Visitor: 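Structure incoming, see below.
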Amino acid sequence: MWLEAGVGILLLLALAQSALLFHGWRQLRELQRQVAVLSHDAMHACTDVPTSMLVTALGRLERQVGRFEQQPPPARQSYELAQQLAREGADVEQLVSRCGLSRDEARLVLQMHPAHP
């Protein structure tokens with residue numbers, strides 16, 4: 001009788017352990033599925049912006065930089081550059097083209113800052 005009770009208890013423990021293992025296995029499978037979904041979403045999150053949109057934005061930025069580079073330098077910087085160029089021996093045409101000065105301004109800068117021999 002004690003032997004039968006012991007075997008019954010062992011069977012119940014084995015059944016409980018099997019149920020716990022099965023439950024743990026199901027949780028593991030669900031976690032693996034969630035990780036797969038998250039990794040898939042993360043991989044596609046990096047490429048949500050179409051390449052054509054990036055190319056368009058890059059083109060706009062390049063045009064803006066080109067417009068910025070074509071603008072004459074600010075007045076103070078252009079006069080400082082003109083003074084330096086005049087001291088280095090630049091002529092009126094060089095000051096007009098490189099500094100955005102008028103011819104009269106260029107002549108005045110050349111008179112005020114003669115070239116050093």
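All values reported here derive from a predicted model rather than from experimental measurement. We're numbering straight along the sequence, starting at 1.
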Visitor: Please round to the nearest 0.5 Å and tell me the distance separating atom CG of L38 and atom CG of L31.
Guide: 10.5 Å

Visitor: Working to the nearest 0.5 Å, report the span between CD of Q83 and OG of S78.
Guide: 9.5 Å

Visitor: Tell me, do E30 and R26 make a side-chain contact under 4.5 Å, heavy atoms counted?
Guide: no

Visitor: For the atom pair CD (E88) and CG (L81), what is the distance rounded to the nearest 0.5 Å?
Guide: 8.5 Å

Visitor: Measure across L85 and C99 and return the closest heavy-atom pair with its distance rounded to 0.1 Å.
Guide: CD1-SG, 3.9 Å

Visitor: Take atom CD in E4; do more than 12 heavy atoms of anything else shown fall under 6.0 Å from it?
Guide: no

Visitor: Say you draw a straight line from CG of L108 to NE2 of H113; how long is it, rounded to the nearest 0.5 Å?
Guide: 8.0 Å

Visitor: Determine whether T56 and R60 satisfy the following criterion, side chain to side chain contact (heavy atoms under 4.5 Å, CB included), listing intermediate values before the conclusion.
Guide: CA-CA 6 Å; T56 302; R60 269 188 264 138; 3.7 Å; yes

Visitor: Kindly give the heavy-atom pair with the smallest separation between L95 and A86, and that separation in Å.
Guide: CD2-N, 4.3 Å

Visitor: Mind checking the CG-CZ spacing from L110 to R87? Nearest 0.5 Å is all I need.
Guide: 11.5 Å

Visitor: In Å, rounded to the nearest 0.5 Å, how long is the span from OH of Y79 to CE of M112?
Guide: 10.5 Å

Visitor: Between Q94 and D91, is there a donor-acceptor pair closer than 3.5 Å when you use the side chain of the first and the backbone of the second?
Guide: yes

Visitor: For the CZ atom on R67, are there more than 12 heavy atoms of other groups (residues, nucleotides or ligands in this structure) within a distance under 6.0 Å?
Guide: yes

